[in-house]
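Chain identifiers are assigned alphabetically (A, B, ...) following the order of the sequence lines, protein sequences preceding nucleic acid strands; residue numbering begins at 1 within each chain. As the structure is a prediction and not an experimental result, all values here were calculated from the model.
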Amino acid sequence: MAFEKVKRSENYSEWYNNLVKNADLAEHSAVKGCMVIKPYGYAIWENIQRQLDRRFKETGHSNAYFPLFVPKSLFEKEEKNAEGFAKECAVVTHYRLKADPDRPGRLITDPDSKLEEELVVRPTSEAIIWNTYRNWIRSYRDLPILINQWANVVRWEMRTRLFLRTAEFLWQEGHTAHATKEEALDETRKMLDVYAQFAEEWMAVPVIRGVKTENERFAGADETFCIEGMMQDGKALQMGTSHFLGQNFAKAFDVRYQTREGGLEHVWATSWGVSTRLMGALIMAHSDDEGLVLPPKLAPIHVVIVPVYKSEEELNLIADAVLPLKKTLEAAGLSVKFDDRDTQKPGFKFAEWELKGVPVRLAIGPRDLANGTVEVARRDLKTKENLPFAGIETHIQQLLNDIQKNLYQRALDFRSAKTYTVNTWEDFVSAIDVKEGFAVAHWDGSGETEEKIKELTKATIRCIPLDQHEENGTCILSGKPSKGRVVFARAY
RNA sequence: CGGGGAGUAGCGCAGCCCGGUAGCGCAUCUGCUUUGGGAGCAGAGGGCCGCAGGUUCGAAUCCUGUCUCCCCGACCA
């Protein structure tokens, strides 16, 4: 378990990579750009999935599954979408291998198995889904269609980072069809709120809700809404997007419905998604030099109990005292690990569970048994106290709530401290480059200026915040008039 | 695709410049002592030195080719 400790402050990206590996979340695979998500990391993802899935269903959606492959002719139908994703698509061209006549034991692609039509490995599923929806939609009675899919997608990225950007990643993508524009817009906003609420209440990561500029918009969307979080290095991470697709896909795939009045109209669409990137957000938002720090609501293990003992009899006595507590906590819905491994010493276990981000740790030994106490340590603050064992379950419940709140508050305070409202170019550059945070500034609304700022500072417009208030000002770069401030930051 | 780094034991690395048949730490196994913050001692097992050629009596080391991974940039959820 020994590992090289790199501090956040020294090398943030190395710290991140080490943490992901050392906490047993994921590792690089034999496939370039693709990761293996290990059981502990996957358990966190499953918790994320479970909560989101519940919220999707509460808001009227059902799960379904569509194919991994998209025939090229379908993929190219919505032009902007196709163009936007074309350069990062994996393409299947053959369907068979055969023995290499020149090199025994090796295989080659059988040239005779060339596909009549190439198959695109989905980078996103609008094409295949809208081609399907055409057959499902005849009348206004068939609408709305509210479907979500949990799936993997492939985007052939040049450079990858565990969880943040991998060539293959897991996500969910909602795809809905509506009779009216208003309804589709409502849906887009509703799902953005689901994401925002999840990010803040479950992940304990405060997010800015906003609209993307045209440059940053999803290929094929009329409007892209997003939630943006701030990581501990001051960079922004797009944590989820919800797209208003207008009638673009309905037109591309000829999906029309008969209205109540007997007319024929194209349907309106939305799509929305979050990915395993959220794992990256979770890690980067809260963790410290000791390892992972997990918000209790998403932790696979809430409480770990480490016995301190010399003999088997002592261990048995501890187990007798602790197992009823474990049962009580589990009955209250908590996940409790009694770490009675005889192969590791307590100190080792302390360090290991800290590395893995378990929110609450109990240590109990002969001394505690004699005194009727237990040592309670909380991961977020790294504090510990000795408390009476009797009635400890109430304290633990409270502690978990505290930790959840504290993590959110801490992240919020951090973001507030690193968000700068700036009015001059000099202050803008300083906010991005020196103070390394978000710059809230006026912008003239042109893509050109946006591009220029990006070239000069590597900062992009993360979003036009939904709570933006009208304020007359002048663009930070061009000096042209602006009616409100937008959020700039360097981003992952 | 441009720039950098690296492929040697499960993991992290040294050895390579100056060729002589592989070593360190952690992990693993055995035994004893330990156990309230990453245990100690003694012993043991484990390697087609990324792959393919070449030079040489001899290659981890030199030469050529090739593949892969990581990091930084451009692209992007």
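- Rounded to whole Å, the separation between the P atoms of U64(B) and A27(B) comes to 41 Å.
- Distance from the side chain of Arg165(A) is smallest for C75(B) among the nucleotides C75(B), G36(B), A74(B).
- Contacts of Thr373(A) with the nucleic acid, taken as non-hydrogen atoms under 4.0 Å apart, are absent.
- For the pair Asn81(A) (side chain) and Ala219(A) (backbone), a donor-acceptor distance under 3.5 Å is present.
- Note on Phe218(A): nothing from the nucleic acid sits closer than 4.0 angstrom, heavy atoms only.
- Not one N or O on the side chain of Asp433(A) forms a donor-acceptor pair closer than 3.5 Å with the backbone of Glu436(A).
- Rounded to a whole angstrom, the distance from the P atom of G54(B) to that of C13(B) is 32 Å.
- On a pure distance criterion of 3.5 Å, no polar donor-acceptor pair joins the side chain of Gln344(A) and the base of G38(B).
- Among G36(B), G38(B), C76(B), the nucleotide with an atom closest to any side-chain atom of Ala351(A) is G38(B).
- Ranking G36(B), G37(B), G38(B) by closeness to the Arg361(A) side chain, first place goes to G37(B).
- Between the C1' atoms of G47(B) and G10(B), the separation comes to 12 Å (whole Å).
- Taking atom P on both nucleotides, C32(B) is separated from C49(B) by 38 Å, rounded to a whole Å.
- Across the protein-nucleic acid pair, Leu362(A) atom CG and G36(B) atom P stand 17 Å apart, rounded to whole Å.
- Checking G37(B), G36(B), C71(B) against every side-chain atom of Ser13(A), the shortest atom distance belongs to C71(B).
- Considering only side-chain atoms of Glu354(A), the nucleotide from G37(B), C75(B), U35(B) that sits closest is G37(B).
- The backbone N or O of Val293(A) sits less than 3.5 Å from a side-chain atom of Ser287(A), completing a donor-acceptor pair.
- U56(B) sits 37 Å from A44(B) when the C1' atoms are compared, rounded to a whole Å.
- Counting atom types as modelled, Lys345(A) pairs no side-chain N or O with a base atom of G36(B) as donor and acceptor under 3.5 Å.
- Between G20(B) and C63(B), the two P atoms lie 15 Å apart (nearest whole Å).
- Comparing G37(B) with C29(B), their C1' atoms are spaced 27 Å from each other, to the whole Å.
- Residue-level contact check: Lys382(A) touches neither bases nor backbone, having no heavy atom under 4.0 Å from any strand.
- If you run side-chain hydrogen bond (donor to acceptor under 3.5 Å, both in side chains) between Asp53(A) and each of Arg50(A), Gln49(A), Lys57(A), only Lys57(A) comes through.
- In terms of phosphate contacts, Asn17(A) brings a side-chain nitrogen or oxygen within less than 4.0 Å of OP1 or OP2 of C71(B).
- When the side-chain contact (heavy atoms from CB on, under 4.5 Å) test is applied to Thr59(A), the partners found at least two apart in sequence or on another chain are His61(A), Lys190(A), Met191(A), Val194(A).
- Between the P atoms of A42(B) and G5(B), the separation comes to 41 Å (whole Å).
- With Arg490(A) contributing its side chain and Thr457(A) its backbone, the two residues share a donor-acceptor pair below 3.5 Å.
- Under the 4.0 Å criterion applied to side-chain N and carboxylate O atoms, Asp193(A) and Arg209(A) are assigned as salt-bridge partners.
- Set against C75(B), U35(B), G37(B), the side chain of Lys454(A) has C75(B) as its closest nucleotide.
- Looking at heavy-atom distances under 4.0 Å, Leu164(A) makes contact with a base.
- No engagement by Lys349(A) is indicated, since no non-hydrogen atom pair under 4.0 Å with the nucleic acid exists.
- Residue Pro307(A) forms a side-chain contact (heavy atoms from CB on, under 4.5 Å) with just one option from Asn316(A), Ile318(A), Asp368(A), and that option is Ile318(A).
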> What is the per-nucleotide protein-contact pattern of nucleotides 5-11 of chain B, from the 5' end, where B denotes a base atom under 4.0 Å from a protein heavy atom, S denotes such proximity for sugar-phosphate atoms only, and - denotes neither?
Replying inline: -------

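- Between Lys212(A) and Glu228(A), at least one side-chain nitrogen of the basic residue sits less than 4.0 Å from a carboxylate oxygen of the acidic one, meeting the salt-bridge criterion.
- Comparing G38(B), G36(B), G37(B) by their closest approach to the side chain of Arg367(A) singles out G36(B).
- Within the nucleic acid shown, Thr124(A) has no heavy atom closer than 4.0 Å to any nucleic acid atom.
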